[in-house]
Each structure stands twice: as structure tokens, then as C-alpha cells.
Amino acid sequence: MSESRRPARRGQSGSGGRNNRPRQARRPDASQSGLDQPRLAARDVLRAVRERDAYANLVLPGLLRERRLDGRDAALATELAYGAARARGLLDAVIADCAGRPIAEIDGPLLDVLQLGAYQLLRTRVAPHAAVATSVDLVRAEAGPGKAGFVNAVLRRVSERSEAEWVERLAPADPVGRLAFEHAHPTWIAQVFADALGADAGELEDVLVADDARPAVHLVARPGEISSEELALATGGEVGRYSPYAVYLDGGDPGLLDAVREGLAGVQDEGSQLVARALSLAPLDGPDTGRWLDLCAGPGGKAALLGALAGIEGGRLDAVEPVAHRADLIRKTTKELPVDVHVADGRDPGLEGGFDRILVDAPCTGLGALRRRPEARWRRQPSDVAGLAKLQRELLASAAELVRPGGVILYATCSPHLSETVAVVADAVRRHGLTALDTRELVPGVPGLGDGPSVQLWPHRQGTDAMFMAALRKP
């Protein structure tokens, strides 16, 4: 999945609980009216992430609209909020060294500002005096001069070294740990990437660099409604390299685009588009009767693309989602498409079997989309994997029951973790007698796909999220 999703109580949605519906951003009070507003907005995003486990990319857009920040101010707030959230591990190590105390002993509101200031000092071209002064102002307005003095002292120590010098001082000695620290990733995630690269583990630094960069916005043109060329012309974007429906944007708020508001296009990583298209291209034994299924459909991006493709072929898509409000999102996203949404658990959806094509876009750790979820890399833990892998195997078992003989299942995760990818597929082949197809043939024109039969995309190779996909046919 292009979005990082957590396992839900009932199965495949992974809605992430209360934080999928971010609270309305608070307006600055009168005492903050003279403060730097982009930095104040960025601080409030970091605070929401820390205090209520919010998602930065869900909080920030509403906050920018509410506070009427646009243009350069919005761009600065976005860079600071996402950048500081993404680099938290590196920033915290530097802050702890400069403060002379563990991060856990620093008050949360002060830490938010320290991260914001340290990010500006180490990873932007903001003048050091401006980074320090605006941070001190934020603390003084809320907590008084004493705590402002502490922030001033710590940030001045941060400014005494460059990022490279701090890395040299604080990074672990082992090669993977050093690369992880330098490029702001937990070491365990860097090791996951190295394991997935296998013989190409020498590319680890390239992966981490790409994963630490701000991603481009990818749009999907809805087949039958608008072409990618027309969408690019209408939005000022660039036609994508690999998906025939993809358009790249340099930035901005895609929700403001007419094509998106009118349902002609959506926001979707090109890797996710390739997953949906691969299912539509998979060769069947016997005719395609037009019964397609998205077994893990929330929040609905792939279901919309599959529904449009199914409609062109005269078929229909069933979309399964266990959480009612997410099912409503799918209905909204697939409005006027031949899509039937079912509120059900994908492990036992209560549907009649005989589907020609089934997408299992399984809930996963989301390690392949960390660049789009700034704070996610610091939330995930190795212990998350076992429960998700069990759910993934159960969903594939359900799909094996629902697909007809000669039909195809496309298993996909937005994670390169071997326990969520090749291990799950190998288990399904062994347990359910499925046949692995050469999935590389289903993503024509895409380079760097390795030896097969499955496909692992990478941000440093294809410029997409690190999507995994494997096509499996039922004999």
C-alpha cells in the first residue's frame, strides 16, 4: 500500500485509530501574534505528533489553511515540520549531547522547539542567528525567559558544528549504523533495506538518501476520463515515466487542483499505480468474466484505478474494507465507477468465490513509504512485523479461496521487509498450491527489477515508494 497503515482490530484496514481524523488545528492566541508564523505552525505540527500520535501530513494542510499561510510561508512551514519530523533521531542525538542530558529529561514543548531549531541549523540555509532567535522567541512567549535561556544555550552549542561534524562525533562505528544515523533512519530499518537489497546491498546509502529526501507529488489520471498528457497540461506537471496514468508535480497542494476536485485525477504514488495496473495485465487461464476484487481497499486509491480499468473492460470491482468510515471514503473516491464496497474483514468477507483477479494490498509496516510519512520511521518497531506477517498470510489464504482456478492474485505491500514480502509469498505457494508468475512482465518498461519472479521497486531506482508485488495464479 502507498500509505503506511497499522493493523486494525478486525483485520485489514489498519486505520491507525483516532489519529486518522486529525483534530482541528488550534489558532495561535494573541500572545503568539508577533511570532514567526511559519515556524509557529511547524512547531504545532511537531507538538501534535508528539502529544497525540498524529500524522504530520494530515495535520499540516488543515493548519496552513486555517492560519492562511500560503506561498513561501507555507513552503517554509512544510519544510521545517516535515524535515524535523523526518530527522528526529539525528536531531535528538545532537540535542542530547549539547544539553548534557538524555532526551527523556527534556520537557516535550521545549524539545519540539529544539528539534525545529536544530533542523534549521543543520539541514537548511537559514542563518544561524535567525534559527536561534526565532526558536528562543517561541519558547519565551509560552514558557518565559528561564526556559528560553536553556533553548538559547543548547542551540548555540548545536551551531558550533556542521551536520557532517556532528555525524563524525556521534555516529555508531558499524557501517550500517553509521549510514542510518547520517541519513536519519533507525538502524534496524537500514538493516531491513540492506537485507532486501541482497547482493545489491552496496546501494544502501542510495536508498537512504532517496528515502530521506522530500518526495515529488504523483498524480493518477483516471482512465476513461482524462489522459496523463491532458492532466499534465492542465496542472503544469510532467508525464510519468512508467505508469501510463502518472503525472509528476513539483509541489503545491494537489487538493486545490480542478482535476482532483472534479474526480478526474487523484494523488497516488506511481508505484501504487503500477501495482493496480499489474493486476489488470496479469494473464489468466480462461476468459476474464469481469469479476475483480480489492480485498484490502482502504483508503481507496487503488480501488479507484482498478474500478476505472474494470469498467473499461465491462467488469466490476468488489472492494472490501472493515472500518465503516474508511468504507465511506472508498465510496466517495469511487463514485460513479463500477465498484461495490463491502464493510467486511478480508479474512472472511462473506463473498461468493470465483473472482478472476484479486488484489491483496496488505496492511504492512509501511517501510517503503517512509519519505511520505515523516514521523513513521521513529514509530515503527521490529516487534510490529510478526503480527502483520500473520495477517498478511491470512489475507492471502482468503484470496486463494476466493479466486477461481486460472485466476490471479496480486499480492503487494508498501514494505521491502523480507518477512512481509518473499516469505509471505513462499508460504502461500507452499500452503495453497499457487503458482508464482514472472511479475516483471506485468510492469513493462520499468528498469532495475532484478532477477524476479517478484518485483521490488525502490525510490533510488524508480523514484517510487518501495512497493513489492508478486503475481500468483491458482491452478
Side-chain angles (χ1 to χ4, degrees), residues 22 24-49 54-88 90-91 112-142 151 155 158-159 162-163 184 209-210 212-219 232 234-238 247-261 267 371-375 463:
Q24 189 175 30
R26 293 173 293 183
R27 294 181 183 275
D29 60 36
S31 67
Q32 299 173 328
S33 60
L35 299 177
D36 184 287
Q37 293 302 302
R39 289 175 172 84
L40 180 61
R43 184 209 67 181
D44 288 348
V45 171
L46 296 181
R47 180 171 293 183
V49 170
Y55 295 116
N57 67 323
L58 296 182
V59 172
L60 181 62
L63 190 150
L64 295 177
R65 287 192 293 270
E66 182 179 287
R67 299 186 185 179
R68 297 182 175 87
L69 295 178
D70 54 21
R72 295 179 65 181
D73 284 347
L76 177 60
T78 301
E79 169 64 22
L80 298 184
Y82 289 178
R86 187 179 293 117
R88 192 185 85 188
L90 170 67
L91 301 177
D112 298 334
V113 178
L114 286 169
Q115 290 168 342
L116 186 62
Y119 179 77
Q120 293 173 76
L121 290 168
L122 299 180
R123 289 198 157 193
T124 75
R125 296 180 181 179
V126 173
H129 71 273
V132 175
T134 53
S135 300
V136 170
D137 288 345
L138 288 174
V139 174
R140 182 183 291 115
E142 185 175 56
V151 168
L155 290 180
V158 173
S159 70
S162 67
E163 180 185 1
V209 168
D212 201 27
R214 183 172 61 182
V217 176
H218 292 180
L219 299 180
T235 60
E238 175 188 355
V247 169
Y248 308 150
L249 296 182
D250 288 336
D253 184 352
L256 300 177
L257 297 172
D258 289 341
V260 174
R261 289 201 303 252
V267 180
R371 58 193 190 139
R372 300 191 186 279
R373 301 287 193 188
E375 71 290 329

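Just so it is clear, the structure is predicted and the values come from calculations on it, not from any experiment.
- A pairwise comparison of heavy atoms in L91 and Q115 identifies CD1-O, 3.5 Å as the closest pair.
- For D258, the salt bridge (charged side-chain N to carboxylate O under 4.0 Å, His left out) partners are R261, not counting sequence neighbours.
- Nearest heavy atom pair, residue P215 against residue R86, reads CD-NH2, 4.4 Å.
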Would you check, one step at a time, whether the test side-chain contact (heavy atoms from CB on, under 4.5 Å) holds for L114 with L155? CA-CA 7 Å; L114 286 169; L155 290 180; 3.9 Å; yes
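- Here the side chain of Q120 pairs a donor or acceptor atom with the backbone of L116 at under 3.5 angstrom.
- The salt bridge (Lys or Arg N to Asp or Glu O under 4.0 Å) analysis of residues 118-134, with sequence neighbours excluded, yields the pairs R123-E163, R123-D212.
- Taking both residues in full, the closest heavy atoms of R67 and D44 are given as NH2-OD2, 2.7 Å, listed atom of the first, atom of the second, then distance.
- The salt bridge (charged side-chain N to carboxylate O under 4.0 Å, His left out) search around R39 returns D36, not counting sequence neighbours.
- The salt bridge (charged side-chain N to carboxylate O under 4.0 Å, His left out) check on D70 picks up nothing, with sequence neighbours excluded.
- Heavy-atom minimum distance, V247 versus G237: CG1-CA, 4.0 Å.
- When all heavy atoms of L40 and L35 are compared, the closest pair comes out as CD1-CD1, 4.5 Å.
- Heavy atoms only, all atoms of each residue included: V113 and S135 are closest at CG1-O, 3.4 Å.
- With E375 contributing its side chain and A56 its backbone, the two residues share a donor-acceptor pair below 3.5 Å.
- Checking N57 against R372 by side-chain atom types alone, no donor-acceptor pair falls below 3.5 Å.
- Counting only heavy atoms from C-beta outward, the side chains of P61 and L64 never approach each other to under 4.5 Å.
- Of the inter-residue distances, the one linking L256 atom CG with T235 atom OG1 reads 13.0 Å to the nearest 0.5 angstrom.
- Once rounded to the nearest 0.5 Å, the distance linking NE2 of H129 with CG of L121 reads 11.5 Å.
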If you look only at distance, which donor and acceptor atoms sit under 3.5 Å apart when one is on a side chain in residues 72-84 and the other is two or more places apart or in another chain?
residue: T78; atom: OG1; partner: A74; partner atom: O; Å: 2.8
residue: E79; atom: OE2; partner: Y119; partner atom: OH; Å: 2.4

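- Applying the ring-ring contact (aromatic ring centres under 6.0 Å, His included) rule to Y248 yields the partners H218; only residues at least two apart in sequence or on another chain are considered.
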Stepwise side-chain contact (heavy atoms from CB on, under 4.5 Å) check, R68 with Q37: CA-CA 10 Å; R68 297 182 175 87; Q37 293 302 302; over 6 Å; no
